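Notes follow once the structure below has been shown.
Basis for what follows: all heavy atoms, side chains included, without hydrogens, waters or symmetry-related copies. Owing to the predicted nature of the structure, the values given are computational and were not obtained by experimental measurement.
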Amino acid sequence: MAAPLSHTPVSPLRTVAVVGLGTMGTGITEALAAAGREVVGIDISEGQAAKCVAALEASTARAVQRGRLTEQERTALLARVRVSTDLTTAADADLVVEVVPESYEVKQQVFRELDAVVRPEAILATGTNALSVTRLAAESARPERVLGLHFFNPAPAMKLVEVVSSVLTAPGAVTAVTDLALDLGKEPVAVGDRPGFVADGLLFGYLNQAAAMYESKYASREDIDAAMRLGCGLPMGPLALLDLIGIDTARTVLEAMYAESQDRLHAPSPILKQLSEAGLTGRKAGRGFYTYDAPDSATVVPDALTPGGDGTAGGGRTVRSVGVAGSGTMASGIAEVFAKGGYDVVLAARSEEKAQAAKARIGKSLARSVDKGRMTAEAAAQTLERITPTGTYDDFADVDLALEAVAEDLEVKRQLFATLDKVCKPGAVLATTTSSLPVVACARATSRPQDVIGMHFFNPAPAMKLVEVVRTVLTADDVHATVREVCGTIRKHAVDCGDRAGFIVNALLFPYLNNAIKMVEEHYASLDDIDAAMKLGGGYPMGPFELLDVVGLDVSLAIEKVLHREFRDPGLAPAPLLEHLVAAGCLGRKTGRGFREYAKR
């Protein structure tokens, strides 16, 4: 469990040496000095040591400008830092944190030299996120004093610190370093020694799959990144994040993870090797998956792969009216979106009563928007007037676009598409909102498969900006163009992908969620620590177990099974714990119990 934030001990670790003054070492130095520690920064390069000092001066000057530090506090902070190129200056340190390059040879050399320098009671911490802490400790003269202290970049701002114990680590050393992390205002999470620990262990598998998805030309880099930002609320897309981390660094981490797990999901995608060996390592090189205006710049510039225009240049069919089939939350949300976009909407359910209830739900949603000042009462009334509820699909006879949002059951959907084929006029576009079923199977239930396409909205549809536009091998070009144009009209961001399980978002999201469950099954980390690690270390809006309980464990299991069946990868097999919880009826928030228990409404 993460140590409670109310626990505020005074750490005995008053003097800290930081070995390696790159971006991470400089950030750790600043975080330590800001918390009142005396810090010795050590780097074999005089130029790098000077660069560290300059970076600290610039960073603290910005803090003064923003009112986060006074000039006196800045002066005192800088006075607590001294830099050196001589490792013997670590002699008086209570703690040494090394953040030198990710190489056993380099790190072991540092540890051997430190053994001859530091006091016997000093703690030695490695900042590795990919190498074995146990192996590094075994090379030390005092392995019980060696542990992992994994900060996240930028170290002054990021709250998470993973405290990594090996089988050799003394509990007192763990306690001392945990207390220090709390003194720094961080949230320490205790983890065992395996590559990637918690946050990177989950993150890098996801990043690797995104790279493989791009490499297979399944979707563009822009669409993959937009899908994960807009579909999951992530601060960055996976390919942009790989460029930020460094593609060579990601490859090193994945190699270490694969060496231990032998899980194909961790086997580095070949494109990572190709980019690394070409020197295209991301932002630091000025080019990786994207091209940047200069090395170390965050500004993306157009290159040969940048799409031209917005993909909505015309060529589609005219759409004035839309039919939405279904009466649940998704169907009513989609009907609301189209009505707000100015379309006349026929909302069809299995009975007139269900359709009326769905329209009433939309009315309440619009009323909330009025209360929050997002639309006027007049606009809400006009929107609601555009929706016609009905208990028969026969009323879809004149719609230009028919969209189904019924149960996620292939046979149910195929029967509905057969009905739509009979009642909808020639030239009408037929769309499914499925999140996991083959769109082409719906298309083959009609006599016009060229008119069928996937439009995967995300819940809640009025709020979520993303729509995955799923072409089958039979979908006509003008049908694809039509749906792209419609997405623009209803102010949704469309991303293109092919007709395979999970499309973009679920294909990348659910293996990550499944791996989180496996961590708990293996007693490697707790639910709370894993959720904290991904929110604090990865910037995720929800931890994996929070998200699983919201989505529903039964829904999650169904998607996992579809992915496993499609890709035949043993690493995608649903975690047994997920299957056991579903079998026990523990489906998440909707049943009051999933991975956690919830108060009954």
State, with a plain yes or no, whether a side-chain heavy atom of [X] is found less than 4.5 Å away from one of [Y].
| X | Y | result |
| --- | --- | --- |
| Gln415 | Phe417 | no |
| Leu578 | Leu553 | yes |
| Lys535 | Pro541 | no |
| Val505 | Met228 | yes |
| Asn514 | Leu572 | no |
| Tyr343 | Thr489 | yes |

Before giving the answer on salt bridge (Lys or Arg N to Asp or Glu O under 4.0 Å), spell out for Arg221 and Asp303 the whole-Å C-alpha distance, their side-chain angles and the decisive distance to 0.1 Å. CA-CA 12 Å; Arg221 61 190 179 181; Asp303 59 20; 2.6 Å; yes
Any donor-acceptor pair under 3.5 Å linking the side chain of [X] with the backbone of [Y]?
| X | Y | value |
| --- | --- | --- |
| Asn208 | Ser269 | yes |
| Glu30 | Thr26 | no |
| Lys340 | Ile490 | no |
| Arg568 | Arg565 | yes |
| Glu102 | Thr249 | no |
| Asp421 | Ser447 | yes |
| Ser59 | Ala55 | no |
| Lys492 | Ala461 | yes |
| Asp478 | Gly316 | no |
| Thr433 | Glu404 | yes |

Determine the interplanar angle of the Tyr206 and Tyr512 rings, folded into 0 to 90°, and report it as parallel if under 30°, tilted if 30 to 60°, perpendicular if over 60°. tilted
Over 60° means perpendicular and under 30° means parallel, so tell me whether Phe396 and Tyr393 are parallel, tilted or perpendicular.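 The rings of Phe396 and Tyr393 sit tilted, inter-plane angle from 30° to 60°.
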Do the charged groups of [X] and [Y] touch, with an N to O distance under 4.0 Å?
| X | Y | value |
| --- | --- | --- |
| Asp409 | Arg414 | no |
| Glu485 | Arg317 | no |
| Asp371 | Lys364 | no |
| Arg251 | Glu277 | yes |
| Lys413 | Glu408 | yes |
| Asp248 | Lys273 | no |

For salt bridge (Lys or Arg N to Asp or Glu O under 4.0 Å), just list the numbers for Asp243 and Arg287, CA-CA rounded to whole Å, side-chain angles, deciding distance to a tenth of an Å, and then say yes or no. CA-CA 8 Å; Asp243 275 357; Arg287 187 175 163 197; over 6 Å; no
Side chains of Thr475 and Gln450: any donor to acceptor distance under 3.5 Å?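 Side-chain D/A pair, Gln450 to Thr475: absent.
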Considering residues, nucleotides and ligands other than [X], do more than 12 of their heavy atoms fall under 6.0 Å from its [atom1]?
| X | atom1 | value |
| --- | --- | --- |
| Asp569 | CG | yes |
| Lys518 | NZ | yes |
| Glu411 | CD | yes |

For Tyr218, does the six-membered ring have the charged nitrogen or CZ of Arg500 within the cation-pi criterion, i.e. under 6.0 angstrom from the centroid and within 45° of the normal?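 Yes - Arg500 lies over the ring of Tyr218, closer than 6.0 Å to its centre and within 45° of its axis.
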Determine, stepwise, if the pair His456 / Asn506 fulfils side-chain hydrogen bond (donor to acceptor under 3.5 Å, both in side chains). CA-CA 11 Å; His456 179 213; Asn506 286 345; 4.8 Å; no
At what distance, to the nearest 0.5 angstrom, does CG of Asp554 lie from CD1 of Ile559? 10.0 Å
Please identify which of these residues, Leu202, Leu234, Asp531, meets the side-chain contact (heavy atoms from CB on, under 4.5 Å) condition with Tyr540.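 It is Leu234, the one option of Leu202, Leu234, Asp531 that forms the side-chain contact (heavy atoms from CB on, under 4.5 Å) with Tyr540.
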Using the side-chain contact (heavy atoms from CB on, under 4.5 Å) definition, which of the options Leu401, Asp451, Asp400 pairs with Val429? Leu401
Heavy-atom closest pair, residues Arg386 and Ala339: NH1-O, 2.7 Å
Between Val483 and Met455, the two heavy atoms sitting closest are CG1-CG, 3.5 Å
Could you walk me through whether Lys422 and Asp394 satisfy the salt bridge (Lys or Arg N to Asp or Glu O under 4.0 Å) test, starting with their C-alpha distance in whole Å, then the side-chain angles of each, then the deciding distance to 0.1 Å, before giving a yes or no? CA-CA 9 Å; Lys422 294 174 184 175; Asp394 291 343; over 6 Å; no
